[in-house]
Amino acid sequence: MNSALANKIFITLGFLFAYRVLAYIPVPGVDTTIIAEFFNTNSNNMLGMANMFSGNAIERLSIISLGIMPYITASIIMELLAATFPVLGQMKKERDGMQKYMQIIRYATIVITLIQAVGVSMGLQSMKGSAGQSAIMIDPYMFTAISAISMLAGTMLLMWIGERITQSGIGNGISLIIFAGIVSAIPSAISNTVTLVNSGQMNFLVLIGIVAIIFATIFAIIYVELGERRVPISYSRKTIMQNQHKRVMNYIPIKVNLSGVIPPIFASAVLMFPLTMLQSSTNEIARKVADVLAPGGFTFNVVTFVLIVFFAFFYASIVFNAKDISDNLKRQGGFVPGVRPGEHTKNFINEVASRLTGSGALYLALISTLPFVIINGMGATFYFGGTAVLIIVQVALDTMRKIEAQIYMGKYETLGSVGL
């Protein structure tokens with residue numbers, strides 16, 4: 001391992017350590033024992049999932065309780081707007097425009113964070129402990145102002161840490177923050193499960209079944225995420241002669257899962273907000289609707305399944321542009337054997353991508369719902385969903401690829417310095 005790569009890894013680990021320290025700094029004026037008591041009874045539902053993504057920062061009401069999700073939400077909104085409005089799309093492609101584009105995302109993150117922080121602060125004012133004591137220990141208006149400022153500062157710090165990791169460390173900083181938050185919850189989940197087995201509350205065979213399902217989910221995700229359809233390409237003799245000393249790719253790789261982990265995140269966000277509003281309502285009809293849509297129930301899983309399939313097709317249509325691929329291929333003197341260049345090539349690539357998106361959408365929907373239903377039915381006291389495993393596997397694979405690329409770059413520099 002060369003020194004440059006080692007420095008990048010140490011920088012990344014240092015920033016991730018700072019992120020974990022921030023998760024233990026609570027918002028002033030709140031009784032954290034009441035918050036922890038509430039989350040202990042909601043560890044295997046949507047609140048448990050949100051707490052897991054934040055690295056257990058929500059159950060401590062840390063200053064980073066909102067996590068990096070406001071930044072991701074702002075980025076997703078801008079991606080959708082860039083796909084809708086050509087002006088924003090052109091801005092994103094230009095170097096100077098990209099700086100303005102990122103600045104808009106940062107300002108949007110501030111607005112989203114403040115709205116969510118005020119909403120969380122107002123919701124906490126009605127939270128009571130088992131003895132009837134309030135979770136807020138200071139004046140409600142003062143607490144709302146302090147918590148909003150604290151959570152805004154925490155989210156801005158996370159955004160800065162993520163950008164610094166991307167620039168100076170190894171891997172994508174935002175993805176690594178989410179990865180670290182999920183992984184940090186694993187030791188406590190293992191400890192709680194072992195305690196249940198030792199106390200006789202969980203059968204050892206059930207534990208073996210849970211572990212088997214977890215490993216099967218991981219292997220299934222790795223298998224599909226590494227899968228791709230390779231569309232063969234042929235090049236004209238002139239192109240081959242011009243690039244005889246360069247490697248010309250003779251296929252177009254199209255991933256089975258084109259949309260990545262975005263559809264499950266979108267589906268979770270769409271369901272989480274109305275559920276939170278309905279559960280906090282005193283209206284009887286709203287409470288009944290909340291009960292029907294309760295996480296883990298049949299209706300909830302069916303709605304989640306449908307939303308993931310919808311968002312998979314929607315997001316894949318945004319990120320995959322067959323026209324650009326066809327135009328670039330034509331400019332480079334390449335063509336798909338048996339398919340005429342131009343419009344016919346675009347239609348052919350679109351058809352291939354559509355079939356893969358259908359398979360990928362079904363895979364995402366099953367991975368995001370089936371493991372949670374099975375493991376929750378087996379009596380697990382922690383949230384386990386395919387979305388979390390999907391994020392862990394994708395980030396791990398991406399980071400490994402970047403480390404491998406850095407190692408190869410170091411080898412090439414060494415060979416260049418000795419004249420080989």
Side-chain angles (χ1 to χ4, degrees), residues 1-23 53-55 57 63-64 66-83 88-89 91-110 112-113 152-184 225 255 257 259-262 265-266 315 318-319 387-388 390-410 413:
M1 184 185 297
N2 57 58
S3 59
L5 177 58
N7 289 337
K8 287 178 178 290
I9 292 175
F10 285 129
I11 288 171
T12 302
L13 292 176
F15 277 119
L16 291 179
F17 176 76
Y19 156 65
R20 292 308 304 152
V21 170
L22 291 173
F53 280 134
S54 70
I63 61 173
I64 60 168
L66 297 178
I68 201 66
M69 291 307 292
Y71 179 80
I72 295 175
T73 303
S75 300
I76 291 171
I77 292 172
M78 284 299 294
E79 286 286 343
L80 296 176
L81 291 175
L88 284 175
M91 179 190 295
K92 185 182 175 183
K93 295 178 181 178
E94 298 172 355
R95 183 175 180 180
D96 294 336
M98 188 61 182
Q99 295 180 354
K100 296 179 181 178
Y101 182 86
M102 293 303 298
Q103 199 66 25
I104 294 173
I105 291 178
R106 295 187 185 100
Y107 287 133
T109 302
I110 294 175
I112 293 171
T113 303
L152 176 62
T155 299
M156 292 298 103
L157 278 171
L158 283 188
M159 185 175 68
W160 178 79
I161 288 173
E163 291 179 351
R164 293 305 303 167
I165 291 175
T166 302
Q167 293 173 8
S168 306
I170 193 83
N172 182 283
I174 303 301
S175 299
L176 284 171
I177 286 175
I178 300 174
F179 173 87
I182 296 172
V183 170
S184 67
E225 290 303 318
K255 288 176 64 66
N257 179 21
S259 52
V261 75
I262 295 298
I265 293 176
F266 268 33
Y315 193 72
I318 294 175
V319 297
T387 304
L390 186 62
I391 292 172
I392 291 176
V393 171
Q394 282 195 345
V395 174
L397 291 174
D398 181 63
T399 305
M400 287 173 62
R401 290 192 192 102
K402 290 182 178 178
I403 291 175
E404 186 179 3
Q406 287 287 331
I407 292 173
Y408 279 118
M409 285 178 61
E413 289 175 1

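Quick note: numbers below take in every heavy atom, side chains included, and nothing from hydrogens, waters or symmetry partners.
The ring of Y71 has its center no closer than 6.0 angstrom to the ring center of W160.
Checking I68, L22, I174 one by one against I161, the side chain to side chain contact (heavy atoms under 4.5 Å, CB included) holds for a single residue, L22.
One distance of note links CD1 of I403 with NZ of K8; it measures 11.5 Å at 0.5 Å rounding. Here the CG atom belonging to L397 is positioned 7.5 Å from the CD atom belonging to E225, to the nearest 0.5 angstrom. The CD1 atom of I104 lies 6.0 Å from the CG atom of L88; values are rounded to the nearest 0.5 Å. If you take CE on M69 and CG on L158, they are separated by 12.5 Å, rounding to the nearest 0.5 Å. One finds the OG1 atom of T109 at 5.5 Å from the CE atom of M156 (value rounded to the nearest 0.5 Å). Rounding to the nearest 0.5 angstrom, the gap separating the CE atom in M159 from the CD1 atom in I105 is 10.0 Å.
S184 contributes a side-chain N or O that, together with a main-chain N or O of G181, makes up a donor-acceptor pair within less than 3.5 Å. Under the 3.5 Å distance criterion, the side-chain polar atoms of T12 are left unmatched by any main-chain donor or acceptor of I165. Side chain of S259 to main chain of Y315: no donor-acceptor pair is present (N/O by atom type, distance under 3.5 Å, no hydrogens or angles).
Taking each heavy atom of G173 and T166 in turn, the nearest pair found is N-OG1, 2.8 Å. L176 approaches I170 most closely through the heavy-atom pair CD1-O, 3.2 Å.
The shortest distance between side-chain heavy atoms of M102 and M98 falls below 4.5 Å. A heavy-atom distance below 4.5 Å is not found between the side chains of N172 and V395. Looking only at side-chain heavy atoms (C-beta outward), I64 and Y19 come within less than 4.5 Å of each other.
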